[in-house]
Amino acid sequence: MATKRPSEMSTETNGNKKGKEVRVWMDGCFDIVHFGHANALRQGKRMGDKLFVGVHSDEEITMHKGPPVFNQEERYRMVRAIKWVDEVIESAPYVTTLDTMDEYNIDFCVHGDDITTTADGQDTYQMVKDAGRYKECRRTQGVSTSDIVGRMLLVTKCHHHKGDNSSLDKHQTGEISSTAAGFNGSDSFSPWTGVSQFLPTTQKIIQFSEGREPNPGDTIVYCAGAFDLFHVGHLDFLEQAAKLGNFLIVGLHTDQVVNRYKGANFPIMNLHERTLSILACKYVDEVVIGAPYTVTKDLMEHFKVDVVVHGKTPIMDDVEGNDPYECPRSLGKFQQIESDNDMTTQVIIDRIIENRLLYEKRNKEKAQKENKIYESLQKQNQEA
Ligand code: CTP
Ligand code: C5P
């Protein structure tokens with residue numbers, strides 16, 4: 001019998017197996033959705049039965065923090081695609097109110113163990129904290145929207161030329177991490193970012209993975225790519241790909257391979273980071289961590305692949321100048337699909353470059369505000 005994706009099954013129960021349904025609220029900007037956000041949502045879901053995620057509007061974010069990189073429609077779609085999210089509440093208020101919580105019958109609100117403040121420095125969770133309806137999850141260290149924006153700003157300072165591995169090596173070793181480098185000076189460093197580089201562990205992969213295997217009879221779809229800075233274009237592509245079968249395997253090219261065909265400064269996110277972002281997507285069942293560029297007969301037999309797909313972007317030849325999809329094409333198992341979305345990693349970088357000064361200012365102000373709060377919290381702790 002063909003298996004169902006977890007997203008097609010009834011809501012998983014974690015928090016309260018016998019009694020009343022426990023409803024959890026989380027909210028945020030979710031700009032450039034990354035695996036840190038996904039990990040927060042994963043933890044939030046585990047604290048209850050149903051996870052409601054409030055996503056702020058562009059207007060609210062601009063007012064309190066500066067302009068977001070992705071618009072609200074893109075951010076709503078990205079959060080909706082994370083496998084632990086049950087419902088997205090669009091245009092959620094920046095300050096979490098008890099009214100909002102009551103409107104959705106929420107038991108409590110969850111947020112990472114950092115502090116979020118309004119434009120005038122107030123804790124956005126003060127009301128729910130005072131009402132005893134607030135819990136914390138552990139923030140994922142070494143990744144943040146500011147850090148990713150910083151990596152892209154650094155890219156714009158380097159040359160995009162193929163064959164030069166120097167900057168790739170730095171990405172991989174974490175040398176190119178805006179928070180580590182303090183891309184705009186050390187005052188751009190947020191005290192809650194923790195380690196400068198995300199430290200991948202097998203435990204994290206296990207937590208993100210469903211670990212399910214295909215059943216006999218399942219139609220297995222395979223696609224491969226960089227999936228760098230996982231975005232709405234990728235998402236629309238994966239949604240189409242998933243519809244062609246009932247088990248979707250995504251092959252992620254290694255950093256070296258991506259570097260060969262996208263240029264010296266790519267990927268922006270390393271293989272481990274890209275793995276977690278893809279695993280968090282509700283359309284994906286399995287990830288090949290470091291897939292070969294050429295889709296071989298061996299690979300297709302190994303994973304019992306029925307159909308190999310590629311989206312709307314150009315197909316680059318392999319190192320020998322051959323079509324990487326020659327084998328599935330010759331077997332009549334290749335399909336090119338239309339994502340109907342023009343988003344690419346380069347479009348994101350271009351948006352950042354266009355608004356470079358605004359983002360630099362935004363990141364710097366956010367870090368300065370957080371540093372001040374952090375220092376005063378430390379002072380309070382010492383006095384206590
Ligand atoms: N979050 C997390 N780990 C990270 C980044 C964010 O756990 N590395 C959590 C936040 O604590 C929050 C949720 O993800 O509970 C949504 O975060 P968001 O409002 O988008 O804002 P930021 O905390 O500003 O995230 P970032 O620093 O990446 O912009
Ligand atoms: O460019 P990258 O390797 O990350 O793309 C992974 C897959 O997503 C490719 O098959 C690509 O064609 C597809 N894609 C798409 N539409 C986009 C962006 C990517 O179909 N807007």
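All ligand and atom numbering here is 1-based and tracks the order in the structure.
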What's the shortest heavy-atom distance between D107 and R133, and which atoms? O-NE, 3.5 Å
Show which atoms of ligand 2 fall inside a sub-4.0 Å distance from at least one heavy-atom site of N341. 16 (N), 17 (C), 21 (N)
Pull out every atom of ligand 1 sitting under 4.0 Å from any heavy atom of A40, numbered as shown with elements. 7 (O), 9 (C), 14 (O)
So L51 and L41, do their side chains get closer than 4.5 Å, heavy atoms only? yes
Taking the cut-offs as 6.0 angstrom to the six-membered ring centre and 45 degrees off its axis, would you call R75 and F70 a cation-pi pair? no
Counting neighbours of CZ on R329 that are heavy atoms of other residues, nucleotides or ligands and sit closer than 6.0 Å, is the number greater than 12? yes
Run the numbers for me: atoms of ligand 1, each under 4.0 Å from some heavy atom of C29, listed by number. 18 (P), 19 (O), 20 (O)
Need the ligand 1 atom indices (1-based, order shown) with element for anything under 4.0 Å from a heavy-atom of V143. 4 (C), 8 (N)
For D130 and Q126, which I'm curious about, is there any donor-acceptor pair between the side chains at under 3.5 Å? yes
Atoms in ligand 2 with a heavy atom of G225 nearer than 4.0 Å: 3 (O)
Looking only at distances, can you tell me whether any N or O atom of V309, backbone or side chain, sits closer than 3.5 Å to an N or O atom of ligand 2? no
I'd like to check whether T313 has a polar contact with ligand 2, where a contact means an N/O of the residue lying under 3.5 Å from an N/O of the ligand. yes
Within-cut-off N or O pair, K65 and ligand 1, under 3.5 Å: yes
Anything under 30° is parallel, anything over 60° is perpendicular, the rest tilted; go ahead and classify F227 against F230. tilted
Under a plain distance cut-off of 3.5 Å, with no hydrogens placed, do N39 and T140 share a side-chain donor-acceptor pair? yes
Would you call T344 a ligand 2 contact, heavy-atom distance under 4.0 Å? no
How about NE2 on H64, more than 12 heavy atoms from neighbouring residues, nucleotides or ligands closer than 6.0 Å, or not? yes
Taking both backbone and side-chain atoms of V110, is any N or O found less than 3.5 Å from an N or O belonging to ligand 1? no
Output, in order, the C-alpha distance, side-chain angles, deciding distance and verdict of salt bridge (Lys or Arg N to Asp or Glu O under 4.0 Å) for D86 and R23. CA-CA 10 Å; D86 292 300; R23 292 177 155 223; over 6 Å; no
Atoms of ligand 2, numbered as shown, that sit under 4.0 Å from any heavy atom of K262: 1 (O), 2 (P)
In ligand 1, which numbered atoms sit nearer than 4.0 Å to a non-hydrogen atom of G28? 19 (O)
For atom 14 (O) of ligand 1, what's the nearest protein heavy atom and its distance? H37 CD2, 3.6 Å
Decide whether an N or O pair under 3.5 Å exists between D342 and ligand 2. no
Any N/O of T140 closer than 3.5 Å to an N/O of ligand 1? yes
Which residue supplies the protein heavy atom nearest to atom 16 (N) of ligand 2, what is that atom called, and how far is it? S339 OG, 2.8 Å
State whether the shortest distance between N or O atoms of A226 and N or O atoms of ligand 2 falls below 3.5 angstrom. yes
Taking the basic N atoms (NZ, or NE/NH1/NH2) and the acidic carboxylate oxygens, is any pair closer than 4.0 Å for D218 and K304? no
Is the shortest N/O to N/O distance between H34 and ligand 1 below 3.5 Å? yes
Below a 4.0 angstrom heavy-atom separation, can you tell me which part of L41, side chain or backbone, both or neither, approaches ligand 1? neither
Sub-4.0 Å heavy-atom contact, H253 with ligand 2: no
With only distance considered, is M343 within less than 3.5 Å of ligand 2 through an N or O on each side? yes
With atoms numbered from 1 as shown, which atoms in ligand 2 lie under 4.0 angstrom from a non-hydrogen atom of K312? 12 (O), 15 (C), 16 (N), 20 (O)
Is D114 close to ligand 1, meaning an N/O of one under 3.5 Å from an N/O of the other? yes
Looking only at non-hydrogen atoms, which of T145, D147, V79 approaches atom 29 (O) of ligand 1 most closely? T145
Salt bridge or not between D228 and K262? Use side-chain N to carboxylate O under 4.0 Å. no
Less than 4.0 Å between a side-chain N and a carboxylate O, is that true for E73 and R77? no
I need the full list of side-chain hydrogen bond (donor to acceptor under 3.5 Å, both in side chains) pairs touching residues 375-384, with sequence neighbours left out, sorted by first then second residue. none
So, regarding R139 and ligand 1 (criterion: nitrogen or oxygen to nitrogen or oxygen, under 3.5 Å), is there a contact or not? yes
Polar contacts were defined as any N/O atom of the residue lying under 3.5 Å from an N/O atom of the ligand; does this apply to F227 and ligand 2? yes
Ranked by distance from atom 8 (O) of ligand 2, the top protein heavy atom is F237 CD2, 3.3 Å
Going by the order shown, which atoms of ligand 1 are within less than 4.0 Å of some heavy atom of F30? 16 (C), 20 (O)
Please report the closest heavy-atom contact between A224 and H253, naming both atoms and the distance. CB-NE2, 3.7 Å
Please lay out, stage by stage, how T100 and T96 fare under the test side-chain contact (heavy atoms from CB on, under 4.5 Å). CA-CA 7 Å; T100 311; T96 313; 5.6 Å; no
If you measure from the Lys or Arg side-chain nitrogens to the Asp or Glu carboxylate oxygens, is any gap between E90 and R80 under 4.0 Å? yes
Starting from atom 10 (O) of ligand 2, find the nearest protein heavy-atom neighbour and note its residue, name and distance. G311 N, 2.9 Å
Applied to residues 306-317, the salt bridge (charged side-chain N to carboxylate O under 4.0 Å, His left out) test, sequence neighbours excluded, yields K312-E338, K312-D342
